[in-house]
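Note sheet for the following structure.
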Amino acid sequence: MARITASVYTSHIPAVGAAFDLGRTKEDYWKPVFAGYDFDKQWMKTHKPDVIFLVYNDHATAFSLQMIPTFAIMTGPEFNPADEGYGARPVPKVIGDPELASYIASAVIQQDFDLTMVNEIDVDHGLTVPLSCVFGEVKEWPAKIIPFAVNVVQHPVPSGARCLALGRAIGKAIMSYPEDINVHIWGTGGMSHQLQGPRAGLINKEWDNAFLDRLIDDPKGLSQMPNIDYVREAGSEGIELVMWLIARGAMSDVVAGGPKPKVAHRFYHVPASNTAVGHLILENAG
Amino acid sequence: MALDKEFNEIPGTIVFDAEQSRKGYWLNQFCMSLMKAENRARFKANERAYLDEWKMTEEQKQAVLDRDLNRMMALGGNIYFLSKIGATDGKSFQQMAGSMTGMSEHDYRDMMVKGGRRIDGNRRIGEDGDAQRPQKDPAKGR
């Protein structure tokens, strides 16, 4: 049977992708940001996944206002990095896992989550920047990737409680898949940032760190926090953090009860462009 | 059912909800069109003529011509869509975000390096933080 062994959480800041692509990772401004991901390179040697279920959001790239699904699972065989107006990122194409993705879609829809199934889509920085941060410069991504997009752009966006429950349903689905594979689930976006209006530039370090603490120790309690608190405390774009609860909901303590996951790595840094960078790796117990 | 009114009581912030999305539909779709190089070239060659191809209000068109991002937000724009205009103009996201605060590019960048804008005084309209400058659209009626 398929196993979920770990969940990975990280910001997905476009400027980090640009710094990476332009070879600026050793500059004073960027060095401390990328240093937060040094641990990952070693860790991945012993914890390499076969498949990554990667929760992200599209930023007016593939989904315009013409249509915005609340939850979309990408069931296609491959996905190209999108041109977001500055040219496509020079990173490998994303190879999907259509068999597992359609299995999960089917299992999760039957648990009453109405997913949109997408076969053709270009993926933006929300998906590719986390991959660059964690894996560095590679010729191909070392795992198959199932992109999963959440609407966090047009309110109302799904609540933390809905996201945690969805993660639980995804976790159950993956654990019932009859192949012996190692799956990671990633939650991306955040941490505190606001990109608009006179309040742009907001950073709330205390709140961000309390969010990390609660995500580790009390995901159910954290999932009860209303969306207004994210927007008020972590900035209008800080609402992306609800997506981290999808990854957390798929961990075994939430899915089936039992011991809390082990914190393998935790990192926090301000700033990267307009944003606070957060990064966490949790390993399932047992 | 509208969003909780608390979403409209955060200073210096416009939450992009279904109502704003409806108002800003063509403004945002115009922005999406700038993802294509040929459209960027046509827009740059004659901004007014290009804008007139879209079912936008005159106020929205003027806000684009003025590059007034706060006004565009008030008229239904969403920052991820509006950022396509910035990309067309060769601006970074930090330059765009900073331009909405009334601060100079240097001062904004400096504020971020020092840890960003503080939350204290900036949670609710009427507190004493640095993001309390009035910018809500009176026409929005809320």
Side-chain angles (χ1 to χ4, degrees), chain A residues 13-15 18 28-29 57-66 68 82-87 122 124-126 152-157 192-208 226-229 231-239 270-276, chain B residues 1 3-4 6-7 9-18 20-21 24-25 28-29 31-32 34-35 40 69-70 73 78-84 86-88 92-94 96-103 108 111-119 122-124 129-135:
Chain A
I13 304 154
D28 288 349
Y29 184 93
N57 67 289
D58 179 85
H59 304 76
T61 304
F63 298 132
S64 72
L65 290 187
Q66 203 170 38
I68 303 183
D83 180 350
E84 299 175 54
Y86 304 92
D122 289 348
D124 76 7
H125 69 268
V152 286
V153 170
Q154 177 180 271
H155 290 262
V157 311
S192 56
H193 65 306
Q194 173 151 339
L195 303 175
Q196 53 122 340
R199 207 172 75 133
L202 183 88
I203 298 287
N204 193 342
K205 195 174 170 181
E206 290 73 27
W207 190 93
D208 284 342
N227 284 0
I228 179 68
D229 286 15
V231 176
R232 184 192 288 122
E233 297 293 330
S236 51
E237 281 61 49
I239 187 68
V270 177
S273 185
N274 305 287
T275 307
Chain B
M1 188 175 82
L3 279 186
D4 192 306
E6 282 186 279
F7 281 93
E9 292 166 355
I10 302 171
T13 305
I14 294 175
V15 172
F16 186 72
D17 60 5
Q20 288 296 93
S21 180
Y25 184 73
N28 290 311
Q29 294 302 87
C31 292
M32 280 309 282
L34 299 178
M35 299 275 279
R40 289 195 290 271
L69 284 167
N70 282 323
M73 294 283 311
N78 171 276
I79 191 60
Y80 292 121
F81 290 82
L82 301 178
S83 71
K84 320 294 182 198
T88 301
S92 73
F93 225 117
Q94 185 165 69
M96 283 182 258
S99 79
M100 302 175 81
T101 65
M103 301 168 77
Y108 181 82
M111 173 181 79
M112 293 317 301
V113 169
K114 288 179 177 151
R117 184 181 306 285
R118 295 179 57 81
I119 184 72
N122 288 327
R123 289 184 171 89
R124 289 173 184 80
D130 56 3
Q132 296 280 343
R133 188 160 65 87
Q135 49 90 44

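A quick note: this is a predicted structure, and the numbers were derived from the prediction, not measured. Every chain is numbered from 1 and lettered A, B, ... according to where its sequence line falls, protein lines coming before strand lines. Computed over heavy atoms, backbone and side chain alike; hydrogens, waters and symmetry mates excluded.
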Please enumerate all residues that pass side chain to side chain donor-acceptor pair (under 3.5 Å) together with N57(A), with sequence neighbours excluded. H12(A), H59(A)
State which residue, out of R199(A), Q196(A), R232(A), fulfils the side chain to side chain donor-acceptor pair (under 3.5 Å) condition with T13(B). R199(A)
As an exercise, state the distance from CG of N28(B) to CG of L65(A), rounded to the nearest 0.5 Å. 5.0 Å
Nearest 0.5 angstrom please: E84(A) CD to F93(B) CZ, how far? 10.0 Å
Tell me the closest heavy-atom pair linking V113(B) and Y29(A), and the distance in Å. CG2-CE1, 3.9 Å
Quick one, I119(B) with E233(A), criterion side-chain contact (heavy atoms from CB on, under 4.5 Å). Give me CA distance, side-chain angles, the key distance, then yes/no. CA-CA 7 Å; I119(B) 184 72; E233(A) 297 293 330; 4.0 Å; yes
Which atom pair, heavy atoms only, marks the closest approach of E237(A) to Y80(B)? CG-OH, 3.1 Å
Check each atom of M32(B) against the heavy atoms of chain A and say whether the ones under 4.5 Å are side chain, backbone, both or neither. side chain
Among T61(A), I228(A), V270(A), which residue has the highest count of heavy-atom pairs closer than 4.5 Å to chain B? I228(A)
At their closest point, which heavy atom of Y25(B) faces which heavy atom of Q66(A), and how far apart are they? OH-CA, 3.7 Å
Contact origin within N122(B) toward chain A - heavy atom pairs under 4.5 Å: both
Find the one option among G85(A), G201(A), P271(A) whose heavy-atom pairs under 4.5 Å with chain B are most numerous. G201(A)
Got a donor-acceptor contact below 3.5 angstrom from the K84(B) side chain to the A60(A) backbone? yes
Structural part of Q29(B) lying under 4.5 Å from a heavy atom of chain A: side chain
For A131(B) and P198(A), work out which heavy atoms get closest and say how close. CB-O, 3.7 Å
More than 12 heavy atoms from other groups under 6.0 Å of CZ on R123(B): yes
Which distance, rounded to the nearest 0.5 Å, do you find between the CD1 of I68(A) and the OG of S21(B)? 6.0 Å
With sequence neighbours excluded, residues passing side-chain contact (heavy atoms from CB on, under 4.5 Å) with P156(A): L3(B)
Check A200(A) against A97(B) and note the closest heavy-atom contact, atom names and distance. CB-O, 3.7 Å
Choice from R40(B), M103(B), Q94(B) maximising heavy atom contacts with chain A below 4.5 Å: Q94(B)
If you round to the nearest 0.5 Å, how far is NE2 of H155(A) from CG of D4(B)? 12.5 Å
Toward chain A, the part of R124(B) with a non-hydrogen atom under 4.5 Å: side chain
Closest heavy-atom pair and its distance - M112(B), I203(A): CE-CG1, 3.8 Å
How many angstroms lie between OG1 in T101(B) and CG in L202(A), if you round to the nearest 0.5 Å? 12.5 Å
